[in-house]
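Scroll down for the structure; my scribbles are underneath it.
Reckoned from all heavy atoms, side chains included, excluding hydrogens, waters and symmetry mates. Naming: A, B, ... by sequence-line order, numbering from 1 per chain.
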There are 2 protein chains.
Amino acid sequence: MNIGEAARASGVSAKMIRYYESVGLIPAVGRTEAGYRQYSPTDLNTLRFIGRAREFGLSMQRIKLLVSLWQDRNRASRDVKRIALEHVADLRRRIAELTAMADTLRDLADACQGDHRPECPILEDLEESADAASRGRVAS
Amino acid sequence: MNIGEAARASGVSAKMIRYYESVGLIPAVGRTEAGYRQYSPTDLNTLRFIGRAREFGLSMQRIKLLVSLWQDRNRASRDVKRIALEHVADLRRRIAELTAMADTLRDLADACQGDHRPECPILEDLEESADAASRGRVAS
DNA sequence: CTTGACCTTCCCATAAGGGGAAGCCCCACG
DNA sequence: CGTGGGGCTTCCCCTTATGGGAAGGTCAAG
């Protein structure tokens, strides 16, 4: 199976398949005499696994670990679970950051008339808090 | 004021100040005969404004718009509010994505024993759902 | 045998920075 | 006066994960 067919069958672009190979996420597959990469059904499963893991937002680093565990029949589920929970913790941290941003900005926008007049609490906050924020940084 | 002092006073690194200048987010400031950039208190305010806006996760694009509105005394608060609300919407979309990832992964991890045994619903899901996901992509 | 679809590698670009080298500049201390 | 250390300049490379595209080789259908 050529890379294009593997891409269509796995949902991973040919570009990314080559990239995953280059960074060692997947082993280099066999080639035809002309140099075309050849993919087996087993290779397809790996690609689909990776594509699915990407949908969970897992980093290449963690996916690399997961793939090796996935292929190791003697793995301990403990190790898999740890990786998953680390990622969940990362996601929750990121969600908390974004939520704080959204809430504050939403509050400011609520206080903004949003009409033809120039007065706007959003700009005032960005301007005024800047002093406090920079003092905070200097002090820390 | 040299760039280093401006960086300390604004909380924006010298590296980023030069970057903001290079991408046109801030105008090129004056130079000494030796080529050193010179910053005025007004320039500092702009830098602090930008730094604060970055804390809200706003993109360079939107900050560029905000800075120009901020400096335009005849701006309409409507325009400012629109930019802020667009960003809030972006944040909420991103939050929803991350939340879905975290919830699903957390559910899978909950179902995983996390002991020495190899059985793990996390890996099984990544493996099995891959087919459905790729079929979904092919069909769409 | 040509044409077009496919494959290869290589380079470039993204957003928002960080790291660091080479070289010039400035000031203070001895 | 001079020298040393710290500050400034530009330039280049690195990051993540991905897309775009050029130049050139390959394969299969007509």
Legend entry - Length of the CZ-P vector between B:R31 and C:dC24, whole Å: 17 Å
Inset, instruction - Measure the spacing between NZ of B:K81 and CG of A:L123 and express it to the nearest 0.5 Å. - result: 13.0 Å
Legend entry - Atom pair CG/CD1 of B:L91 and A:I95 - distance to nearest 0.5 Å: 12.5 Å
Legend entry - Phosphate contact (D:dG7 OP1 or OP2) by B:R37 side-chain N/O below 4.0 Å: no
Inset, instruction - Find which nucleotide of DNA chain C each of B:E33 and B:Q61 is nearest to by heavy atoms, and output the residue with the more 5' nucleotide. - result: B:Q61
Inset, instruction - Taking the side chain as every heavy atom from C-beta outward, state whether A:N2 and A:Q38 have any atom pair closer than 4.5 Å. - result: yes
Legend entry - Atom-pair distance (CZ on A:R18; P on C:dT8), nearest Å: 5 Å
Legend entry - Interatomic distance where CZ belongs to B:R8 and P belongs to D:dC8 [whole Å]: 7 Å
Inset, instruction - Report the residue (B:Y20 or B:K15) whose heavy-atom-nearest nucleotide on DNA chain C is the more 5′ of the two. - result: B:Y20
Legend entry - Residue pair B:R94 / A:M101, side-chain heavy-atom distance below 4.5 Å: no
Legend entry - B:S13 vs C:dG17: side-chain N/O to OP1/OP2 distance below 4.0 Å: no
Inset, instruction - Whole angstrom is fine here: how far is it from CD1 in B:I50 over to P in C:dA16? - result: 12 Å
Legend entry - Length of the line joining A:Q38:CD and D:dC27:C1', which is rounded to integer Å: 12 Å
Legend entry - side-chain N/O B:Y19 vs C:dG18 OP1/OP2, d < 4.0 Å: no
Legend entry - Sub-4.5 Å side-chain heavy-atom contact between B:W70 and B:N45: yes
Inset, instruction - Mind calculating the distance between CE (B:M60) and C1' (C:dG17) to the nearest angstrom? - result: 9 Å
Inset, instruction - Measure the distance from CD on B:E55 to P on C:dA16 and round it to the nearest whole Å. - result: 15 Å
Inset, instruction - Round to a whole Å and report the spacing from NZ of A:K64 to P of D:dA17. - result: 10 Å
Legend entry - base_contact_polar (D:dG25 base, A:Y36 side chain, donor-acceptor, <3.5 Å): yes
Legend entry - Side chain of A:I3 (C-beta onward), nearest among D:dG19, C:dT8, C:dG18: C:dT8
Inset, instruction - Check whether any side-chain N or O of B:T32 sits under 4.0 Å from OP1 or OP2 of C:dC25, and answer yes or no. - result: no
